[in-house]
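First comes the structure, then the notes that go with it.
Chain letters run A, B, ... following the sequence lines, proteins first and then strands; every chain starts at 1. Because the structure is a prediction, the values reported are computed rather than measured.
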2 protein chains.
Amino acid sequence: MREGPDIARIAGLVGDPARANMLNALMGGTALTASELALEAGVSLPTASSHLSKLLEGGLLTLASQGRHRYYGLAGPQVAGMIEAITGVAETVGPRRVRPGPRDGAMRVARVCYDHLAGERAVAMLDRLVDKNVLVRDDKEIRLGASAGSHFAAIGIDVYTKPRRPVCRACLDWSERRSHLAGTLGAAILDKILMEKWARREKDSRAVVFSPPGKQAFEKVFLS
Amino acid sequence: MREGPDIARIAGLVGDPARANMLNALMGGTALTASELALEAGVSLPTASSHLSKLLEGGLLTLASQGRHRYYGLAGPQVAGMIEAITGVAETVGPRRVRPGPRDGAMRVARVCYDHLAGERAVAMLDRLVDKNVLVRDDKEIRLGASAGSHFAAIGIDVYTKPRRPVCRACLDWSERRSHLAGTLGAAILDKILMEKWARREKDSRAVVFSPPGKQAFEKVFLS
DNA sequence: AGAACGCTTCGATGGAGAACGAACAATGCG
DNA sequence: CGCATTGTTCGTTCTCCATCGAAGCGTTCT
């Protein structure tokens with residue numbers, strides 16, 4: 001019977017199937033409307049609305065009203081990290097290692113995590129960037145290396161116009177159990193990948209699938 | 001309405017106040033009996049027993065029977081990490097930055113995290129060990145440096161008799177938002193600290209309080 | 001203005017599960 | 001062998017909350 005942060009309150013919010021589905025959908029990074037989330041969760045609109053106000057009240061979501069639309073999004077990277085942590089546990093203690101389906105495989109290779117790329121390919125990318133001293137890993141913190149400016153400028157990403165959020169962050173990957181790159185730089189790289197059409201987002205999934213030439217281009221830029 | 005690891009199931013288990021209190025108590029690292037946990041959670045013994053079997057079934061706990069005692073413990077570091085992640089979110093979205101009480105302050109300085117030391121002091125220790133190249137940080141992985149054997153042998157810790165669990169692991173600290181040292185080495189160091197009576201565990205809390213000479217001794221060994 | 005849309009609020013219903021007392025099982029002690 | 005200690009199982013009660021239909025409110029389109 002001890003005091004402290006109310007962890008039951010937070011976990012309880014995630015602990016309802018409908019809400020968990022919504023949060024999962026929002027892990028894709030794009031904010032969604034109430035009706036889209038209702039569809040995702042498989043519940044009626046009033047029910048979804050009720051859940052959303054609870055999540056909002058609980059501080060796990062943010063709301064942006066635009067005209068008659070109301071866009072709900074994850075409250076921040078920390079919330080996303082928590083979801084990944086829970087997913088990791090569910091993955092290991094869950095159904096005794098069910099054989100991974102094809103989509104599951106694609107998810108392991110590359111997927112969206114909030115606003116940046118995750119999975120095998122993302123972990124490899126960060127490793128390589130650190131090897132090349134473009135980025136410097138210093139504990140969980142990741143900093144820009146000396147050559148970062150020119151390296152990213154070459155592919156049209158400006159890393160020196162400081163935004164509010166940190167440029168680099170490490171985010172733990174639940175399938176690889178290692179870190180991948182988050183922060184505004186991680187987000188910018190994902191943008192680049194989608195913008196150049198090196199890969200596209202799988203419909204109704206967090207999976208990101210690379211086209212063969214897209215994969216080559218990606219490897220040339222980030223893994224060479 | 002997508003598939004994937006059943007995160008609602010796991011979060012739901014943590015989402016009950018009684019169960020959350022139990023898990024919190026077990027974050028102290030020592031396995032506890034059903035009656036101790038009932039006391040912690042503030043529920044009757046039958047109720048506690050019911051919760052414990054749910055947590056066990058859910059894979060979050062392990063059970064060790066010894067005579068008429070049944071010791072429940074956290075299922076592993078991954079579960080502990082998840083709890084820390086949830087705690088972190090609860091901490092930031094929770095009661096608008098309530099002024100930290102004295103015990104809360106002690107918790108931030110040093111506390112037990114599963115089986116090793118966490119908090120400000122633990123983070124500083126890891127930083128220093130990496131600076132001195134006793135340990136080498138390589139992504140989230142931490143490895144032994146060349147001088148690790150002699151360095152730890154000098155204080156009576158053998159790092160080369162390989163156990164099942166990894167010797168070094170990084171664990172994210174919810175109060176510092178940086179990593180501290182886990183793994184068997186982290187556990188051995190905490191043992192050392194308590195064994196030498198440099199510090200003692202606060203009653204009914206995860207807080208670890210150093211005596212003035214204990215603090216000096218600790219700093220001499222780990223922060224010099 | 002009127003109609004269509006997007007979403008929230010209200011009220012009623014049903015079901016899940018948290019709680020405890022009492023009984024039952026297992027272990028250890030004198 | 002009794003008897004205390006430790007836990008689990010059973011049955012019951014009760015509260016909470018997820019759910020949906022219907023109605024209400026603000027926005028946009030024509």
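Atom pair B:Leu55:CG and C:dA18:P shows a separation of 10 Å (rounding to whole Å applied). Rounded to whole Å, atom P of C:dT9 lies 11 Å from atom CG of A:Leu56. Following rounding to the nearest Å, A:Leu32 (CG) and C:dC7 (P) show an atom-to-atom distance of 11 Å. Remark: C1' of C:dA19 and CZ of B:Arg19 are 12 Å apart, rounded to the nearest angstrom. Between the CZ atom of B:Arg9 and the P atom of C:dA16 there is a distance of 17 Å, rounded to whole Å. For A:His69 and C:dA4, the NE2 to P distance is 17 Å, given to the nearest whole Å. Across the protein-nucleic acid pair, B:Leu52 atom CG and C:dG17 atom C1' stand 16 Å apart, rounded to whole Å. One can place CD of A:Glu57 at 15 Å from C1' of C:dT8, the figure rounded to the nearest angstrom.
Contact annotation for A:Ser53: no contact, since no heavy-atom pair falls under 4.0 Å across all strands. Residue B:Ser50 is out of contact with every strand shown, counting any heavy-atom pair closer than 4.0 Å.
With salt bridges taken as basic N to acidic carboxylate O contacts below 4.0 Å, one links A:Glu91 and A:Arg108. Ionic pairing of B:Glu36 and B:Arg70 is not present here: no N-O contact between side-chain nitrogen and carboxylate oxygen is shorter than 4.0 angstrom.
Contact annotation: the side chain of A:Leu60 approaches that of A:Val14 to within less than 4.5 Å [non-hydrogen atoms, C-beta and beyond]. Looking only at side-chain heavy atoms (C-beta outward), B:Leu63 and B:Tyr71 stay at 4.5 Å or farther from each other. The shortest side-chain heavy-atom distance between B:Phe218 and B:Arg121 falls under the 4.5 Å cut-off.
OP1 or OP2 of C:dC20 sits under 4.0 Å from a side-chain N or O of B:Thr47. For B:Arg70, no side-chain nitrogen or oxygen approaches OP1 or OP2 of C:dA26 to under 4.0 Å. One finds no side-chain N or O of A:Tyr71 lying less than 4.0 angstrom from the OP1 or OP2 phosphate oxygen of C:dC7. A close approach under 4.0 Å does not occur between any side-chain nitrogen or oxygen of B:His51 and OP1 or OP2 of C:dG17.
Chain B approaches DNA chain D over the interval D:dA4 to D:dT9, counting the first and last nucleotide 5' to 3' with an atom under 4.0 Å from its heavy atoms.
If you check the side chains of A:Ser50 and A:Thr47, you find no donor sitting under 3.5 Å from an acceptor.
Under the 30°/60° scheme for interplanar angles, the aromatic rings of B:Trp198 and B:Phe222 are found to stand perpendicular.
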